[in-house]
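Notes follow once the structure below has been shown.
These numbers come from the heavy atoms of this one structure, side chains and all, not from hydrogens, waters or symmetry mates.
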Amino acid sequence: MTNNMPLYNTVAPLRNVAALVELIERVQGRALNLPGMATFYGPSGFGKSFSAIFATNKFQAITVQVKSTWTRKKLCQAILTEMGLPKVTTVSDMVDDISQFLAMHDRPLIIDEADFLVQRKMIEIVRDIHEGSGAPVILIGEELLPQKLKTWERVHGRMLDWVAAEPADMSDVKHLMRLYVPGIQIAPEILDTMLKASHGSIRRIRVNLEQVREMALVNGLTDVGSNDWGQRQFFTGTAPAPRRAV
């Protein structure tokens with residue numbers, strides 16, 4: 001029983017977390033003559049960054065989340081910071097240092113929000129790092145990232161696999177309930193309505209679970225049924241309609 005406890009206290013059973021872990025393991029275990037880059041992609045809210053945090057801890061990965069304002073120099077500096085290495089002067093030297101570190105330590109490089117790399121034409125640096133180190137490089141981005149990478153044939157051609165993040169299912173909802181609403185039972189029909197309202201988004205499910213938790217605490221409930229929830233609405237992410245001027 002002791003061995004099973006950590007599983008229920010982490011996000012490990014979420015299926016997109018499992019999908020990213022499996023992808024990294026596949027890239028790490030690839031044959032020597034195969035490319036070592038891969039892409040994990042999907043709509044916002046599907047838990048990709050959530051998955052990246054778990055994978056970072058599991059594989060001791062070097063992980064950076066790209067910002068829209070980053071330059072090539074800032075990208076390299078951020079990676080070096082995660083490695084605990086000094087920031088040298090030129091981008092070329094930084095790429096060499098990053099590549100050498102990854103080659104020596106056999107740790108994957110995970111780059112979240114990788115769409116910005118394409119948008120700001122920095123993606124070739126990542127290919128240089130992969131070529132110089134042979135280390136697994138995992139790009140995480142939005143649904144259209146694979147199509148965006150087609151423009152960069154030398155990067156696109158080095159992908160070992162493309163894995164799509166999937167919308168949350170009921171098993172994800174129930175596991176998140178155990179994590180974020182401990183000690184409170186929620187009726188199956190409420191969870192079903194919550195899943196539909198959340199449109200498969202892990203982020204929205206967490207928001208909606210918090211709504212249930214707050215309602216239960218206010219009313220002193222440990223078991224929330226349909227009558228308790230009543231006509232309350234779950235958060236769907238839909239923007240409100242504009243109000244009419246008075």
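The shortest side-chain heavy-atom distance between Arg203 and Phe46 does not fall under the 4.5 Å cut-off. Taking 4.5 Å as the limit, every side-chain heavy atom of Arg213 sits out of range of all side-chain heavy atoms of Tyr180. Counting only heavy atoms from C-beta outward, the side chains of Val126 and Asp128 never approach each other to under 4.5 Å. Val173 places a side-chain heavy atom less than 4.5 Å from the side chain of Met170. Side-chain contact between Ile129 and Leu109 is present, with heavy atoms from C-beta onward closer than 4.5 Å. Contact annotation: the side chain of Leu149 approaches that of Leu139 to within less than 4.5 Å [non-hydrogen atoms, C-beta and beyond]. Within the 4.5 Å cutoff, the side chain of Leu221 has heavy atoms near those of the Met215 side chain. When side chains are defined from C-beta on, Phe59 does not count as touching Phe54, because their heavy atoms never get closer than 4.5 Å.
Under 3.5 Å, the side chains of Ser51 and Asn16 contain no donor-acceptor pair of N or O atoms.
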*asked:* Assess the residue pair Cys76 and Ile98 against the criterion (side-chain contact (heavy atoms from CB on, under 4.5 Å)); give the C-alpha distance rounded to whole Å, side-chain angles, the decisive distance to 0.1 Å, and a yes or no.
replied: CA-CA 8 Å; Cys76 291; Ile98 292 167; 4.1 Å; yes
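With hydrophobic clusters built from ILVMFWY side chains whose heavy atoms lie under 4.5 angstrom apart, Ile138 does not share a cluster with Ile62. Grouping the Ile, Leu, Val, Met, Phe, Trp and Tyr side chains by contacts below 4.5 angstrom, directly or via other members, places Ile24 apart from Ile79. Residues Val64 and Ile53 do not share a hydrophobic cluster, clusters being chains of Ile/Leu/Val/Met/Phe/Trp/Tyr side chains in contact below 4.5 Å. Connection of Val66 to Met83 is established within a shared hydrophobic cluster, with ILVMFWY side chains joined at heavy-atom distances below 4.5 Å, either directly or through further cluster members.
Note on residues 151-165: pairs passing salt bridge (Lys or Arg N to Asp or Glu O under 4.0 Å), not counting sequence neighbours, are Arg26-Asp161, Glu124-Arg154, Glu131-Arg158.
Crowding of Lys148 atom NZ: a count of heavy atoms from other residues, nucleotides or ligands under 6.0 Å exceeding 12. Residue-environment remark: CD (Gln100) stays at or below the threshold of 12 foreign heavy atoms within 6.0 Å. Asn227 CG: 12 or fewer foreign heavy atoms inside a 6.0 Å radius. The number of heavy atoms from other shown groups lying within 6.0 Å of CD (Glu189) is above 12.
Remark: Leu145 CG to Lys48 NZ distance equals 9.5 Å, nearest 0.5 Å. Atom CG of Leu176 is separated from atom CZ of Arg206 by 7.5 Å, given to the nearest 0.5 angstrom.
The aromatic rings of His156 and Trp162 sit tilted, their planes meeting at an angle between 30° and 60°.
Remark: the backbone N or O of Arg107 is not paired with any side-chain donor or acceptor of Gln60 at under 3.5 angstrom.
Other cluster members for Val207: Phe235, joined by side-chain heavy-atom distances under 4.5 Å among Ile, Leu, Val, Met, Phe, Trp and Tyr.
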